[in-house]
Structures are given as C-alpha cells and as structure tokens.
Amino acid sequence: MFNKVLIANRGEIAVRVLRACRELGLETVAVYSEADRQALHVRYADEAYLLGPAPSRDSYLRGDKIVEIAKKTGAGAIHPGYGFLAERADFAQAVIDEDIAFIGPKPSSIAAMGDKGVARATVRSAGIPVVPGTEAEGSLRDDELLAVAPEIGFPLLIKATAGGGGKGMREVRDLEEMPLLLTSARREAEAAFGDGNVYLEKLVEGARHIEFQILADTHGNVIHLGERECSLQRRHQKLLEESPSPFVDEALRQQMGEVAVRAAQSVEYVNAGTIEFLVDGEKNFYFLEMNTRLQVEHPITEAVTGVDIVKEQIRVARGRTLKHTQADIQMKGWAIECRVNAEDPYNGFMPSTGYISNILLPTGPGVRVDTGVYPGFEISPYYDSLISKLIVFGETRAEVILRMRRALEEYKIVGVRTNIPFHQNMMDSHRFMGGQFDTQFVEKRFSMERADHGRASSPHIAAIMATLVAHQQTQRSAHVIQRNERDTSNWKWMGRWERIHR
Amino acid sequence: MKYITTIDEQEFVVEILDEEHIIVNGETCSVNFESISGESVFSLLIDGKSYEAYVYEGDFGWEVLLQGSLYPATVVDEREHRLRSTFGSSPAQGGEFYLKAPMPGLVVDVPVDEGDEVNEGDVLLILESMKMQNELKSPRAGKIVRMRVKVGDNVERRQTLLSVV
C-alpha cells in the first residue's frame, strides 16, 4: 500500500492526476523539464524534481531518471498519465522491479496490446472481429509492406506499431505514393515513440470511431463504462468527443460492451483501458486497438457515469476491488468534450506558440475545464498543442450543445491562437447537430465559412471594432512622436495615457 | 476623423466624433469601447448592446474574431482612401514572397531547391513543431530564390526560411 505517488507527466493530465491524489490524501511528486519549471503540475505537487532539458527524450521519456526520483523520494507508485511512457512495457517493468506500483496494466498486457499487430492477433483469436491489415506479422520492411499492400486494398492506413494519437499515421490512396508516405510515417513514429516500426490497415470508409472505457481489478472483475463517440478527428487527432454516442442504441451498447470486456480479458487486463472500435453504417463493428492507459477524453465518461476514473485507477493499483459492478453503471445525461489546442483553424490548424497573457475560463452550471496553463505561461514548441479540455454536461444532447456554445463564447485565451472558433463552428453545424458525421467529416466536409452554418453575421460590428482599435493606435503613435511638446518622458506619458484610457 | 473599413468587399464609413460618439454609414451611435485589461480582447457597448471580440493586427490588416467568426478587415483613413482610389490599390501583388516560420520548430524536409519553379499550393518546407509535421505551402507560383535554411535547422518564429519570386 502506497501513500505517495509520482506523476510521470506534464500539462493538464498531470494536474488531473494530482487532484485525484490530493482528494485521496496521497502525497504527490511532480517531475518536470527545463521548459516546465513554472508549469501548473510543478506548482501543485508536494515535491517536484527536474528531469532535464526541454525535448521529451531528455526529460519526460527518461524512465531511468523517473524511477530514480521515485526511489529517492519514497514514492510507492507511479502514474504515467497518457503519452510519453504510459504505454511502454519496459518502463512499467522497470517500475515494478523496484517494488514500486505502476498505476496501469501489467507490462505483459501493455506489450500484448501496445504492439498493435500482436493485439489484433490476440483479440481475433478470442473471436473478436478486426479490420484487415498486416496484424501479427511483426515488423515488416518497406519492400514487404509494399508487396502486401495491394492484397489489403486501397485506400489503406500506415500506422505506427508503437503509436497512438495519430503520430506516424498516413492515409495511402495508391501504391505510387506509398514509399514516400512510409518514409515520413517512420520518421514521425521514430521521433514520437523512439520506434519507427509501422503496419498497414484497411481504411474503412464512412466509419465511426467509437470506444469503450474499461475498468478491471486484480480480482478478476472487468466492467465497461459505456461508449465515447470520437469520430470528429483531423489528421487522426481527436478534436471533440461525446458520451453517449448518438449512433449507439442500448442493444448495440450491450453487444459492444461485452466484446470490449472480452477483449480486455483476453490479455488479463488490469486497471483502466479503452477498446477502440470502427463502426460502419450497418453497425458492424471491428476492433481497432486497445489503449492501455487513461484517455485524454476520460472526463466525459466521468460526467455521464459519475465514476472518478483516476481514483478507480489508484484504488485498483492498491489491490482493492472495483467500487462498482456492471449493474451499478448507468449512463445518465450527455457530455461533450472540446479539446482546446494552440492551433489556428483559420491557418490550416498551424500550431501557435507564445506567452499566454490572459485567460478567462468558462464556468457556471455543467462546465468543467481541465487545464495545465495559466496567464504568464509559455506554450513551447516541445510538446503537443493541447492547452485544455472543455467538458460540458447536462440532461440531453441538445441542452449540452447549447451549453457548449455559451461556454466556448465565454472562454477567452489571449496570447496564442486557439481552435475555439473551430468548435464554435462545429456546434453550429447542422450535420453535427443531427449526429450525421463520420471520421472523414472534419477533413472532407467541414468548413470554417460562417455561411455554411447559416450563423448570424455581424460585419458592421466587426468593422466598428477594427476601426476603433486602428484609431486608438493612430492616436497613440501620433502622441508618442510629438515628443518635444512634452517635458515628461515618453514612458511616463505612455503610463498616464494608458491609465486615462483604461 | 473618418475611416473607410472594408470587410468581405463591403465598405463601412466610420467617423469618430468624440470618445463616445461615432457615425457609421451616416447613422450616429453612442459607443463605449474598452480593452479588457490592456489585452487584445475588446468590449464594445454600442447603443446599449454589448459585444466582445478579439482584434489582432495581422500582416495584411486587422482581424476581428467575433462570436466564433473571423472577419479580416482593412482600415484606411479618408486621405489614404482618396490616394488609393486615385492611384489604384496600394500593396503591389508581385515582388518577393518571404516564407516565414509561423512558429518555432525543426526543419525536417525541404522538398524544393534554389531555382525550382513552384506552383501555388506546392509544399516548400516541412517544419516540425508540437510533435506535428507542418507543411508550409507556396501562396503563389514562382521561382525559389535564396534558400536560408537546411534540414536539421532549428528556426525561430517569423524567421525567413526562403523566398519565392
């Protein structure tokens, strides 16, 4: 039994885990890179230790240093969060070898599910349908992949064997463009996971991406917490998730939930995990992969089931039984999560870096914000672009969409461009409102043009505001130039000017 | 002071009478306009109605982000407007295009060489930032001149990478 937890992560998820620990009365140890000295997780933790320079491979991927720090501080458990070391069996093993609890599955389950090829072979032998691909064939060379590609058929996907989150993933339309895409996929996978191996998978068109949250304890109990709809993606990065899915009825939920539980059992899974499925228009579903960790989008499941997933993770790691049985789990109401990224939706979703000078958070009924940043914090180019997650919940899907609209309008982040306007457009999209979308929707059929959603347009207000700002600027520079007309310095004068105009 | 502001080819004539009154296309309005804690978020009360928006200065004018919509705006004063209508629109379309890094990052690929002819939309350079590979494309056809970076270089935001003429 442990009473001190090291959190081997950064950003909003490190803060999320810290909060669960604090509520449970556990002490916390943060680790950080040189870029994150002022990060929220460092400020919130009871103890914090430097790992190294900003790049991940010198800091958050240094499993050896993290284990050292855990030993030195007497932390009895390590929570890996998501990304970084969360799905590295060798890290989990190194943790356990030091008699430290790993808040996650057994290394053998991570290895089985983490290698996507082995994962697909394992669940297929348990009678679970999978999407056709080079599963279970191990790591193939480029010439072997090129040879097998026509058998699978185009379009297909190149996916990183160690992957997740769309890193090292490429869509291939024909054989001709495949060699170049293989090269770039391997390069990206190598940079993100330290493993350049890839595999191929048939691209199911018009498919939805629906996943099931699993909880399992060390006493053989496995339950699911219902589904999450994750079809709204761009470059295979999820942007917005909801629970339940407007596409899933009770019969399908039961059927998929049972399969998800069976998939988890096939690798003797313990702790929180997620089974991802592709679902086609006829409600046929295929196992896609299992994420052997806490998911970014776990809060929407927490909102509709009332289960605190991180606390359950800690409970399981302490060797206790799950708090709930399957019969206890009822999905109630609706929840949507918008991922707020430092990306400019008006400029090809280009990442935006810089100092956050001000933030106004949305609050009020049914709103939760999980964030790792605050005014004065710098968004650096070293880590992913997720700034925060805006989670909204309520009784019905319609209520939640309206609530999300008002929360997005309230949310102000100054200093970097964000994708908040993208989410605002999505909330106005008739196809989104009608639940008519698939995994291709964002890239193929969604536009940022306001006319497409019939939204109110106020160009005259925009014109007035632009004019007033331009006017202020002209006035200000005119005054600063006329220096000799004042006996005080420009700086002193500027200060006065700003006080007057505040 | 009178300004001519254009959004989506629609012209608005905005005359600023004093701190609290403006005339928009001939109609007088009472306004109260404040920057929220000195930032790029602005609050406008106009005849009692309340609006809030981001106003940014972009490379080619102003950008107003209002209620989830982005409005690119150009603002010119009367004198400049007269000059422009006499001598034609001001910013020349030709000349050299400088590809600048939109964010700090690592140059992972440069698929073009000095002297190459490129078309609008061709990928000029791939910049890795925030664990994503971002394709920087040419805004117009032209010829690559002055390559200033190579694969493996770390670049700063707004650093000039190459030029297209």
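Per chain, numbering begins at 1; letters A, B, ... match sequence-line order. This one's a predicted model, so the numbers in the text were calculated from it and none came from an experiment.
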Proximal component of [X], with respect to chain B [non-hydrogen, under 4.5 Å]:
X        : value
A:Ser352 : backbone
A:Ser380 : backbone
A:Ala470 : both
A:Tyr382 : backbone

| query | Are the charged groups of A:Glu343 and A:Arg417 less than 4.0 angstrom apart, N to O? | reply | no
| Salt bridge check: are A:Asp428 and A:Arg405 linked by an N-O gap of less than 4.0 Å? | yes
| request: Under the side chain to side chain donor-acceptor pair (under 3.5 Å) rule, collect the residues that match up with A:Arg170, sequence neighbours excluded. | output: A:Ser184, A:Glu188
| request: Under 4.5 Å, heavy atom to heavy atom: which of residues 406-416 of chain A reach chain B? Give them by number, or say none. | output: A:Glu409, A:Tyr411, A:Lys412, A:Ile413, A:Val414
| note | Those residues of residues 102-118 of chain B that come under 4.5 Å of chain A on a heavy-atom basis, listed by number, are B:Pro102, B:Met103, B:Pro104, B:Val108
| note | Highest number of heavy-atom pairs under 4.5 Å with chain A among B:Arg157, B:Glu57, B:Lys49 belongs to B:Glu57
| remark: Interface check, chain A: of B:Thr6, B:Val24, B:Ile4, B:Ile16, most non-hydrogen pairs under 4.5 Å belong to B:Ile16
| request: Taking the side chain as every heavy atom from C-beta outward, state whether B:Ile23 and B:Val14 have any pair of such atoms under 4.5 Å apart. | output: no
| task | Among residues two or more places apart or on two chains, list those pairs meeting salt bridge (charged side-chain N to carboxylate O under 4.0 Å, His left out) that have a residue in residues 464-473 of chain A. | result | none
